Amino acid sequence: MRLFFYYRHVYLNFTNIEVTLAGNRTAKTCPAALGPGFGAGTTDGPGAFGFQQGDTKPAIVPIQIPRIGKLVILSVPGEFTTMSGRRLRESVKQTLIRNGNGQFDNDTRIIIAGLTNTYSQYIATPEEYKQQRYEGASTLYGPHTLPAYIQEFNKLAVSLAKGSKTVKGPSPPDLSDLQLKLLPDPSGDSPPPGVKFGDMKHDVSVPKSGFFHKGDTPIAVFWSPNPRYDLLTEGTYAVVEMLQGKRWIPAYDDDDFSLIFKWDLDNASAYGSASLEWEVPDSASNGVYRFRHFGSFKRTIGSITEYFTGASSAFTVS
């Protein structure tokens with residue numbers, strides 16, 4: 001059985017979307033705001049005193065439709081009420097059937113994955129919005145929020161069904177500098193005299209047999225500074241590379257469960273080290289491997305960030 005994966009993804013400025021309603025009427029969403037019912041809370045518990053509007057509510061939000069075979073996932077950046085979810089699923093399903101040239105039918109399964117990629121509170125139906133209870137009061141972009149989501153998801157559904165391209169849309173703001181930090185930044189690091197960051201502290205200890213078996217755990221320890229100088233977002237601290245021909249090719253990194261990255265500070269010497277531990281999975285191919293470590297550091301708190309890498313000796317898995 002062959003499965004295939006397709007997806008469509010866009011960013012939308014949800015504060016000013018023109019929505020076509022029944023009877024060829026048009027309306028618009030509005031800048032994000034919360035109603036008093038949000039501050040009042042729910043039957044689960046009352047809201048906090050002193051509730052005030054803030055400016056942290058998102059304007060640009062992503063929507064996405066991944067497809068795996070007959071399964072279509074509507075990735076929504078919020079919490080849809082039960083009826084909102086039903087309306088969205090049914091509308092998208094009919095759009096896919098009409099435009100899919102036989103790819104989709106009544107057996108196509110549509111599911112909603114909530115709280116995806118960002119959070120924009122609740123999405124209530126227009127009727128629920130009028131009631132202004134907790135969910136309606138937590139629907140940010142006005143009474144036409146749900147119709148706007150249905151309209152924009154249907155546009156993605158047409159693109160997915162027909163194989164056409166989509167426009168990425170406006171990029172969301174980078175708020176990384178505004179994130180709350182509960183730990184102070186590291187103040188500067190240096191390696192022991194005579195070594196550099198990325199040098200080996202303890203190289204891989206090869207068994208007497210000369211190779212590792214599946215299930216064994218080779219370990220390498222590198223001289224390494226505090227890893228918080230740069231979190232290497234979209235990158236990695238640790239890689240297991242495999243030798244293919246004359247090139248080292250990444251095989252596993254620190255988002256694989258089999259590869260563990262640990263950083264430790266020796267309180268006596270104040271020098272840091274990074275331990276890379278790889279539990280060789282049963283699915284690993286026989287061959288020659290090595291560890292590769294990536295990191296960054298500052299010499300003082302005010303100096304520039306410098307980057308380094310280091311590699312262990314090669315070892316064999318058989």
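Every value quoted in this text rests on a predicted model; they were computed, and no experiment measured them.
- With rounding to the nearest 0.5 Å, the separation of OG in S283 from NZ in K214 is 8.0 Å.
- Side-chain contact between I63 and Y11 is absent, with no heavy-atom pair separated by less than 4.5 Å.
- Just one of Y141, F38, Y134, F80 meets the ring pair (Phe, Tyr, Trp, His ring centres under 6.0 Å) condition when paired with Y122; it is Y134.
- Heavy-atom minimum distance, T300 versus S303: O-OG, 2.9 Å.
- Within a 6.0 Å radius of CZ in F211, other residues, nucleotides and ligands contribute more than 12 heavy atoms.
- Salt-bridge check for E152 with K155: passed, with a basic side-chain N closer than 4.0 Å to an acidic carboxylate O.
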D230 vs T305, side-chain hydrogen bond (donor to acceptor under 3.5 Å, both in side chains): CA-CA, chis, key distance, verdict: CA-CA 8 Å; D230 186 333; T305 302; over 6 Å; no

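- Using a 4.0 Å cut-off between a side-chain N of Lys or Arg and a carboxylate O of Asp or Glu, R87 and E127 qualify as a salt bridge.
- In this structure, F4 and Y6 have tilted ring planes: the angle between them lies in the 30° to 60° band.
- Salt bridge status for E128 with R133: absent, with no side-chain N to carboxylate O gap under 4.0 Å.
- Interatomic distance, OG of S296 versus CZ of F197, reported as 10.0 Å (0.5 Å rounding).
- Nearest heavy-atom pair, R228 versus N226, reported as atom, atom and distance to 0.1 Å: N-OD1, 2.9 Å.
- Side-chain N or O atoms of T118 include none that pairs as donor or acceptor with a backbone N or O of P77 at under 3.5 Å.
- With rounding to the nearest 0.5 angstrom, the CG atom of D203 is 3.5 Å from the OG atom of S313.
- Using a 4.5 Å cut-off on side-chain heavy atoms (C-beta onward), M242 and S285 make contact.
- Between the side chains of N13 and T15, a donor-acceptor pair is found at a separation under 3.5 Å.
- Across every non-hydrogen atom of F315 and R290, the tightest pair is CE2-CA, 3.7 Å.
- In this structure, the ring of Y237 has its center no less than 6.0 angstrom from the ring center of W263.
- Residues F104 and V72 share a closest heavy-atom pair of CE2-CG2, 4.1 Å.
- Within 6.0 Å of NZ in K162 there are 12 or fewer heavy atoms belonging to other residues, nucleotides or ligands.
- Under 4.0 Å is where a charged nitrogen must lie from a carboxylate oxygen, and between D105 and K70 at least one such pair does.
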Residues H144, L21; criterion side-chain contact (heavy atoms from CB on, under 4.5 Å); working and verdict: CA-CA 9 Å; H144 307 296; L21 305 174; 3.8 Å; yes

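- Y7 contributes atom OH, which lies 15.5 Å from atom CZ of R67 (distance to the nearest 0.5 angstrom).
- Side chains of Y289 and P218 form no contact here, defined as non-hydrogen atoms less than 4.5 Å apart.
- Under the 3.5 Å distance criterion, with hydrogens and angles disregarded, no donor-acceptor pair is assigned to the side chains of T166 and R8.
- Separation of atoms NZ (K93) and CD1 (I97) is listed at 6.0 Å; rounding is to 0.5 Å.
- By the 4.5 Å heavy-atom criterion applied to side chains, L74 and I110 are counted as neighbours.
- For the pair S84 (side chain) and T125 (backbone), a donor-acceptor distance under 3.5 Å is present.
- For F297 and Y229, the ring centers are positioned 6.0 Å apart or more.
- Side-chain atoms of P147 and P126, non-hydrogen and from C-beta on, do get closer than 4.5 Å to each other.
- Between the side chains of S275 and D264, no donor-acceptor pair is found at a separation under 3.5 Å.
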Intermediate values then yes/no, side-chain contact (heavy atoms from CB on, under 4.5 Å), V76 and L88: CA-CA 10 Å; V76 300; L88 177 64; 4.0 Å; yes

Worked check of side-chain contact (heavy atoms from CB on, under 4.5 Å) between V10 and K168: CA-CA 5 Å; V10 295; K168 177 184 176 182; over 6 Å; no

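- With 3.5 Å as the limit, one finds no donor-acceptor pair spanning the side chains of Y129 and E135.
- The closest donor-acceptor contact from the side chain of T145 to the backbone of G142 lies under 3.5 Å.
- The environment of CD in E234 is sparse: at most 12 heavy-atom neighbours from other residues, nucleotides or ligands sit within 6.0 Å.
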side-chain contact (heavy atoms from CB on, under 4.5 Å) between E79 and L115, intermediate numbers included: CA-CA 6 Å; E79 300 181 65; L115 314 179; 3.3 Å; yes

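- The same ILVMFWY cluster, assembled from side-chain heavy atoms under 4.5 Å apart, contains both V61 and I112.
- D253 approaches L259 most closely through the heavy-atom pair C-CD2, 3.5 Å.
- Between F294 and F308, the gap from one ring centroid to the other reaches at least 6.0 Å.
- Using cut-offs of 30° and 60° on the angle between ring planes, the pair W278 and F291 is perpendicular.
- More than 12 heavy atoms of other shown residues, nucleotides or ligands fall within 6.0 angstrom of atom CD in Q151.
- A ring pair (Phe, Tyr, Trp, His ring centres under 6.0 Å) with H293 is found for one member of Y307, F222, W223 and no other, namely F222.
- A donor-acceptor pair shorter than 3.5 Å cannot be found between the side chains of E18 and T26.
- A side-chain donor from one of T95 and N154 sits under 3.5 Å from a side-chain acceptor of the other.
- Side-chain contact check for N117 versus H9: some heavy-atom pair is nearer than 4.5 Å.
- No side-chain heavy atom of I249 sits less than 4.5 Å from a side-chain heavy atom of E241.
- A donor-acceptor pair under 3.5 Å is absent between the side-chain atoms of S75 and the main chain of I65, judged by distance alone.
- D266 contributes atom CG, which lies 7.5 Å from atom OG of S273 (distance to the nearest 0.5 angstrom).
- Put simply, the residue from V288, N286, L243, V206 that forms a side-chain contact (heavy atoms from CB on, under 4.5 Å) with T316 is V288.
- Using modelled atom types and a 3.5 Å distance limit, the side chains of R89 and Q94 yield no donor-acceptor pair.
- Looking at every heavy atom in both residues, A157 comes nearest to L96 through O-CD2, 3.5 Å.
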